[in-house]
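Notes to accompany the following structure.
Note that the coordinates shown come from a computational prediction; the quantities given were computed from them, not determined experimentally.
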Amino acid sequence: MSDAILQLDKVRRSYKTAEAPLEVLRGADLTLRPGEMVGLIAPSGAGKSTLLHIAGLLENPTEGKVLVGGQDCSRLDDGGRTAVRRTTIGFVYQFHQLLPEFSALENVILPQMIAGVSRSKAKVRATELLSAVGLGKRLDHRPAKLSGGEQQRVAIVRAIANQPKLLLADEPTGNLDPTTAEGVFKTLQDLVRNAGLAALIATHNLELAGRMDRVVTLKDGILVAA
């Protein structure tokens with residue numbers, strides 16, 4: 001049996017338009033295993049976000065299979081996909097999407113409680129994770145009181161708080177200056193390595209992509225080694 005966390009098997013995705021179907025993915029194949037960081041690079045409009053949405057079960061493929069932890073999730077209903085996402089997948093976006101009315105600590109506590117963890121246990125884990133990325137003295141700060149790099153570190157910690165097996169990141173350093181981006185990437189890299197996650201990280205930063213285990217690119221709707 002494969003130990004893959006994520007498998008995309010001949011994934012196709014097309015959208016209806018007034019003139020003709022728009023094919024974005026034309027048979028994408030990808031395998032990610034525990035502890036593996038894979039960089040995804042692609043020109044704007046090539047289908048990178050579509051690929052991440054399909055891998056994260058936010059969108060169904062038109063054809064092909066999406067296996068997460070060996071389970072074929074391609075045709076699960078909304079409830080089934082939500083259950084897999086909640087227990088298995090973490091997301092990090094270019095813009096942190098933290099809840100502005102809550103503190104850094106509360107932003108990491110909430111997804112754990114939604115997953116059924118008690119508030120007391122969620123608080124302990126959130127405190128440990130935030131402290132591990134240098135935010136131990138910023139726990140009670142709301143996002144507006146944090147720097148861009150600090151906000152993104154909170155977002156990364158939130159994404160792994162429920163101990164997912166798969167992490168998907170869409171331009172996690174794209175909104176940051178080079179020095180801050182370096183620090184955030186190091187945080188992401190350390191957390192992924194320590195937790196043994198499989199991670200697919202979309203980035204335009206070729207230098208950061210080159211420090212991952214391998215890099216793939218979307219070319220004519222197909223994933224190829226970069």
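Side-chain contact between T217 and V224 is present, with at least one heavy-atom pair separated by less than 4.5 Å. Contact of the V92 side chain with the I201 side chain is not registered, since no non-hydrogen atoms from C-beta on lie closer than 4.5 Å. Contact of the Q152 side chain with the P172 side chain is registered, since non-hydrogen atoms from C-beta on lie closer than 4.5 Å. No side-chain heavy atom of L30 sits less than 4.5 Å from a side-chain heavy atom of L40.
At least one donor-acceptor pair under 3.5 Å links the side chain of R85 to the backbone N or O of L57. Using modelled atom types, one side-chain atom of D213 and one backbone atom of M37 make a donor-acceptor pair closer than 3.5 Å. Between the R158 side chain and the A126 main chain, no donor and acceptor come within less than 3.5 Å of each other.
Using a 4.0 Å cut-off between a side-chain N of Lys or Arg and a carboxylate O of Asp or Glu, E207 and R211 qualify as a salt bridge. Under a 4.0 Å N-O distance rule, the pair E23/R12 qualifies as a salt bridge. The pair R193-D190 fails the salt-bridge criterion, with no side-chain N (NZ, NE, NH1 or NH2) lying under 4.0 Å from an Asp/Glu carboxylate O.
Heavy atoms only, all atoms of each residue included: V84 and V68 are closest at CG1-CG1, 4.1 Å. Between N107 and L99, the shortest heavy-atom contact is OD1-N, 2.8 Å. Minimum heavy-atom separation, S14 to T62: N-OG1, 3.0 Å.
D72 is linked by a side chain to side chain donor-acceptor pair (under 3.5 Å) to S74, counting only residues two or more places apart in sequence or in another chain. R138 meets the side chain to side chain donor-acceptor pair (under 3.5 Å) test with H141, E150; sequence neighbours excluded.
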